[in-house]
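These numbers were taken from a predicted model, which means no experiment stands behind them. So you know, we letter chains A, B, ... as the sequences are listed, proteins then strands, and number each from 1.
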Protein chains: 2
Amino acid sequence: MPKQVDYEGRRRRIAEAVCLLADEHGPEGVSMRDVAARAQVSLGAVQRCFRSKGEMLLFAVDHVGERITERVRTRLTASPAQSAATALGHATNEIALLREEHRAEARIWLAFVAQAAVSEPLAGPLRTSYAALQNLLVRLITEAAESGSADEGATPPNPQHEACTLLALADGLTTHVLLGHLTAEEAEEVLHAHLVGLWERLGTIRPEKPSDTPGAHRFARAVSAAPN
Amino acid sequence: MPKQVDYEGRRRRIAEAVCLLADEHGPEGVSMRDVAARAQVSLGAVQRCFRSKGEMLLFAVDHVGERITERVRTRLTASPAQSAATALGHATNEIALLREEHRAEARIWLAFVAQAAVSEPLAGPLRTSYAALQNLLVRLITEAAESGSADEGATPPNPQHEACTLLALADGLTTHVLLGHLTAEEAEEVLHAHLVGLWERLGTIRPEKPSDTPGAHRFARAVSAAPN
DNA sequence: CCGGAAGCGATACGATCGTATTGGAATAAG
DNA sequence: CTTATTCCAATACGATCGTATCGCTTCCGG
């Protein structure tokens, strides 16, 4: 048996390079050559890892999806929320990718989403990621609703609906921030306001600020210094 | 003076061609040659109308933005809403571009948004369009709030916040429908549910169903969607 | 030590891109 | 009609794309 290399590791490195380029020049602005240069490998090496460009992009989008989902999950288990409601806040804030240090991830996500809207094979992994996130939200909402009011006075909101709403709202806000239509602070405020409404509807006691930045909102890079 | 042509008309026709192609092949998937072919003009004619491809795209995005905004406005004046609240429902439904016949417009919008996230000149017109839509929503919300409850019991919601929320939610839902994560019906349901909540918060009497939607609840396959 | 398979850097190739150029058709003014 | 000017279709051009090919280099099994 001749030479053997760590394909999985290389694939990941290439995927990271794809992300960096997609962040800088948008989707379709990533070429095999640029990717190879960014990943510090030769074009031939990239071609050995992926049979075609499409396959490479597919792997990259899967990679990003897993990273985001993983980050949300980590956030939940790392800082054990005092209540399901605050956990919900944390998760939503994480999904929205509003913080400055996640702007790149947000741009990458948007790039892939736009591409996937016209390329069915790319849409698959994205749907999977969305489904995972939505399931997580549904679970948190259900949990919060149960731990919340024992009184059943108001209409108990449909967790599916609420999760859809939250997910779509977070996505939309992210997009608007990327476009510069909203500032990150405005988006956070809007998101928080919606969460407050949701908590009331759930009958939970309104928890403290869900964000990890109690004081100044500007440039919240206090937490999760881990680059990647 | 020699020959003279209707440049404005030609520009519009080219913009339409750009939209058709962006709808089919995504952003960056539109080439000058394809555009020319679609618009039934020669490549040279396109080059005469626009100094560069970027200029052409800029014109096209402006064109689309105006068309959408105009359509929303038309919808409002055409069917004189019984109340500001129903008008709000109509406008939101129109913005969300959920109906099948507007799927193309939605894809085009998403394409431009993704492109604009990494290309500042493109972002300008998009921001303008968003600002216009948001202003319109703010106006409708304010109107609805005034015509609504005279009682000031609950916290009077901030129209700016509500407009932002509505706009972002509509955008996010549109995206999720395009990706196939939600069906158009599910998205409409979610949007409607949010509007109901908003109406209650505004203290307005809940109006009848705001759109021509079928009322069926079909949330069976919301989550754990197909892999691809 | 060595045979040979696997990896990969370099390079070639054909297609397609945006843009520049150009020669002739079309048309309004004199 | 002539002429000057605008328009445009065709074509050329250089760059860049994804992909295929081809020799080296590298390294494991025997």
Which nucleotide sits closest to the side chain of B:Lys53: D:dG18, D:dA9, C:dC17? C:dC17
Atom CZ of B:Arg13 and atom P of D:dC8: how far apart are they, to the nearest Å? 11 Å
Rounded to the Å, how far apart are A:Phe50 CZ and D:dA20 P? 16 Å
If you measure from CD on A:Glu162 to CD on A:Gln134, what distance do you get to the nearest 0.5 Å? 11.5 Å
Contact class for B:Val30 vs. all strands (heavy atom < 4.0 Å): base, sugar-phosphate, or nothing? sugar-phosphate
Tabulated below should be each protein N or O lying under 3.5 Å from an N or O of nucleotides 11-13 of chain C; please produce it.
from, atom 1, to, atom 2, distance (Å)
C:dA12, N6, A:Arg33, NH2, 3.4

If you draw a 6.0 Å radius around CD in A:Gln40, do more than 12 non-hydrogen atoms from other residues or ligands fall strictly inside? no
Tell me whether the side-chain N/O atoms of B:Ser31 come closer than 4.0 Å to OP1 or OP2 in C:dC17. yes
Taking for each residue the nucleotide of DNA chain C bearing the nearest heavy atom, is the 5' side occupied by B:Gly54 or by B:Arg48? B:Gly54
Atom NE2 of A:His25 to atom C1' of D:dT16: distance rounded to whole Å? 14 Å
Does any N or O in the side chain of A:Arg33 come within less than 3.5 Å of the main-chain N or O of A:Leu43, such that one atom is a donor and the other an acceptor? no
With B:Ser42 via side-chain contact (heavy atoms from CB on, under 4.5 Å) - residues at least two apart: B:Ala45
How long is the line joining CE of B:Met32 and C1' of D:dA9, in whole Å? 15 Å
For B:Tyr7, answer base if it contacts any base atom (sugar-phosphate contacts may also be present), sugar-phosphate if it contacts only those atoms, and nothing otherwise; contact means non-hydrogen atoms under 4.0 Å. sugar-phosphate
With under 30° as parallel and over 60° as perpendicular, where do the rings of B:Phe59 and B:Phe50 fit, or are they tilted in between? tilted
What is the distance, to the nearest angstrom, from the CZ atom on B:Arg51 to the P atom on C:dA20? 11 Å
Measure CD/A:Glu55 against C1'/D:dG18 and give the value in whole Å, please. 14 Å
For the residue pair B:Ser31 / B:Asp34, report whether a side-chain donor-acceptor contact shorter than 3.5 Å exists. yes
So B:Ser42, base contact, sugar-phosphate only, or nothing? Heavy-atom distance under 4.0 Å. base
Round to the nearest Å and state the distance from A:Asp34 atom CG to D:dT19 atom P. 15 Å
Figure out the CG/P separation between A:Asp6 and C:dA6, and round it to whole Å. 18 Å
Is the backbone of B:Gln115 close enough, under 3.5 Å, to the side chain of B:Ser119 for a donor and an acceptor to pair up by distance? no
Using a 4.0 Å heavy-atom cut-off across all strands, classify B:Arg10 as base, sugar-phosphate, or nothing. sugar-phosphate
